[in-house]
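Here is the structure we will look at, set down as structure tokens.
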Amino acid sequence: MSDIESPSTDVKFTCRDVKVHYGDFEALHGIDIDIPDRGVTAFIGPSGCGKSTFLRTFNRMNDTIEGCRVSGEVLMDGQDIYDKTLDPVLLRAQVGMVFQKPNPFPKSIYDNIAYGPRIHGLTSSKAELDALVEKSLRRAGLWDEVKDRLKLSGTGLSGGQQQRLVIARAIAVSPQVILMDEPASALDPIATAKLEALIDELKERYCIIIVTHSMAQAARVSDKTAFFYMGDLIEFDDTEKIFTNPSNSRTQDYITGRTG
Amino acid sequence: MNQNLLYILAFMAILVAAGYVYNRKSVLAQARSGAVQNGRGSMAHWHSQANYHGYFTAWITGLVTFAIFIGGVFIGGSGLPFLLAWLGVIILSGLATILIVNRKITPQFRARNYVERFIKLSLILLSVIAVLTTFGIIMSLLFESLRFFDKVPVLDFLFGLQWSPQTALRADQAGQSGAFGAVPIFAGTFLIMLVAMVIAGPIGLMIAIYLSEYASKSVRKIVKPLIEILAGIPTVVYGFFALLTVGPTIRNFAEGFGFSVPTQSALAAGVVMGVMIIPLISSLSDDVINAVPQTIRDGSYALGATKSETMKQVVFAGALPGIIGAFLLAISRAIGETMIVVMAAGRAANLTGNPFEAVTTVTVQIVALLTGDQEFDSPKTLAAFALGLVLFVITLILNVIALTVVRKYRERYD
Ligand SMILES: Nc1ncnc2c1ncn2[C@@H]1O[C@H](COP(=O)(O)OP(=O)(O)OP(=O)(O)O)[C@@H](O)[C@H]1O
Ligand SMILES: [Mg+2]
């Protein structure tokens, strides 16, 4: 893991005193964290501790939830993403997201990938778009399985294929960051292994933040791990350190299965 | 006679009830004495509970007495002696049935299974009756239409451009047998349906989109029922609204521009019919739009799509088959609608595409053909059946397509 050390000196997101409220309920109590630019950061913690909520602050998906308020400061490359003048639509083009349940659009495989580039006007010709679709599918490791049925519906793929399809869809708009919320929870071990291999490859290019309930998965794929508990960030460190020698006893209890 | 039949039926009902009560009691008594003798819980070793034995008795009694009742109807005697004999036989056989069943009751008797089977059979019977009724209606439509087509060739009916059945009435005028070309009235039906859909399609769809995507929960809670009230207004009310309010308004408006337009017009009828089917379209479309999972919308937002892009390209694509289904159902409703067009569209069988003219529709013509004194086998009367048949076939096809499309769509997110 030590060979990943150098890129982590660059910081992608800086969060200061981030609080999130759902109505009167405070789900996050003031989080301070620096997310490194390249590599994989894992969020772990018991159910309901606020991992998904925190993940959604990075692409302002919390804005779409009625009654949800975010306060504090979230800087991406030094710029406040909650600035009044910033358009969340542009932010989301740079910060892609993959959800727990694969959610392909009820469109063809091709149109699923082409959707983002089309709405953002990323390509200027059909040939260019074709090439982008192929490139995205290749990078998501799905091209060989679907290249003969690009016109068929994306909802007809298997769960694992659908999850790679939505990753390809996210990649197609060339984001800088990919957020993944329990991306493997609906997948079998083989599809999970493929997905983890894909994450391993993508981390060279993207800043990836992944929420997971699997300690083993966090240990396998991530470079840094953040442990959340009841709306607080308890510990954030190199994954190796968290899993071998955590400095907080609650982290210790959680990863050894004594709380959760 | 009719009244007497009612009395007999009342006696049968009493017998059935008595059978239930008597044998249920008898089972309970047997069970109690059995329990005293061998010391076991009273109904524990009985296959069926007491009320099942009661139901079983009631069913058998009902069947037996009903058979005799029907027999009496077929023999069809009259006079007091016959009625008394009939009633006597029914009562005696009913009582006999109750007693015979009573003797048969044992702990092993599987009354429950029989009762369940009776229930299933009677449910099947009832649904068969419903299906047969529909079938009978179709058959009658078909045969009467065939009689009509004996007198008027099918092709003349389907493709003729002249519709004036009135002349056929004057039997004294030799050579005048009326014209039964249905094209003008189908064209009228189609024109009005088109006007209605032009009004209801976009408005209904916009309402659905607003309610499901943009309205807050509290607005939705108020607006949705309000719109659905429109669907509860009797069509006759819409009809005189069209005739007395919308029609004159259109005429006055057109006169303001120097056109002369009749009060009764395709436009007046179509507009009001459109208002009538708005709730049908909006609530069906709202349902299918809501059925598109939130996760798919989130997926689109997360790619940086705006709300309207998400709506147009993702949600609409997902809901489209359901929306098409809703439109087809609305069209078949518009085609079959009668009251509004009878009052507001007029009766002149004009073959025109101009919505400001009076036109007539299939349903209006059926009403016109069958009201007043008619000979039952004149072509004029029989023409109603032919029109009904074609109308039925059209709406049937539309409904089948609509339902298939909707069903196919439903499977998608399960
Ligand atoms: N839309 C919402 N409205 C109200 N409360 C919410 C909403 N979403 C989350 N919460 C609350 O915020 C807290 C954090 O939820 P969150 O979904 O972030 O947890 P999580 O760590 O992702 O849990 P899990 O591991 O089960 O996914 C929980 O107490 C939850 O009940
Ligand atoms: Mg979560």
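Scope of the values below: all heavy atoms of this structure, side chains included, with no hydrogens, waters or symmetry mates. Within every chain, numbering begins at 1; the chains are lettered A, B, ... in the order of the sequence lines, protein sequences first and strands thereafter.
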*B/Lys224 atom NZ, neighbour heavy-atom count above 12 within 6.0 Å*: yes

Checking heavy-atom separations under 4.5 Å from chain B, one finds in residues 62-93 of chain A A/Thr64, A/Val89, A/Arg92, A/Ala93

For B/Ile296 and A/Pro104, the nearest pair of non-hydrogen atoms, with its separation, is CD1-O, 3.6 Å

Within residues 200-211 of chain B, contacts to chain A at heavy-atom distances under 4.5 Å involve none

Cut-off 4.5 Å, heavy atoms of chain B, and the answer for A/Arg169 is both

Residues pairing under ring-ring contact (aromatic ring centres under 6.0 Å, His included) where one sits in residues 272-315 of chain B, two or more places apart or in two chains, turn out to be none

Applying a strict 4.5 Å limit to non-hydrogen atoms, the region of A/Val95 in contact with chain B is backbone

Expected contact set for residues 125-137 of chain A against chain B at heavy-atom separation under 4.5 Å reads none

query: Do A/Lys107 side-chain atoms and B/Gln313 backbone N/O form a donor-acceptor pair below 3.5 Å?
result: yes

Count the heavy atoms of every other residue, nucleotide or ligand shown that sit under 6.0 Å from CZ of B/Phe159, and state whether that count exceeds 12. no

Does any part of the side chain of A/Asn103, heavy atoms only, come nearer than 4.5 Å to the side chain of B/Pro293, both counted from C-beta? no

Quiz item: Are any side-chain N or O atoms of A/His120 and backbone N or O atoms of B/Leu303, one a donor and one an acceptor, separated by less than 3.5 Å?
Solution: yes

*Is A/Lys147 atom NZ crowded by more than 12 heavy atoms from other residues, nucleotides or ligands, each under 6.0 Å away?*
yes

Next on the checklist: Is it the case that over 12 heavy atoms from other parts of the model lie below 6.0 angstrom from the CZ atom of B/Phe135?
Outcome noted: no

Given B/Gly299, B/Gly304, B/Ser216, B/Ala305, the one with more heavy-atom pairs under 4.5 angstrom with chain A than any other is B/Gly304

A/Pro106 and B/Gly318 have their tightest heavy-atom pair at CG-CA, 3.4 Å

(Q) Within the 4.5 Å heavy-atom criterion, are B/Asp298 and A/Phe99 side-chain neighbours or not? (A) yes

How about CZ on B/Arg297, more than 12 heavy atoms from neighbouring residues, nucleotides or ligands closer than 6.0 Å, or not?
yes

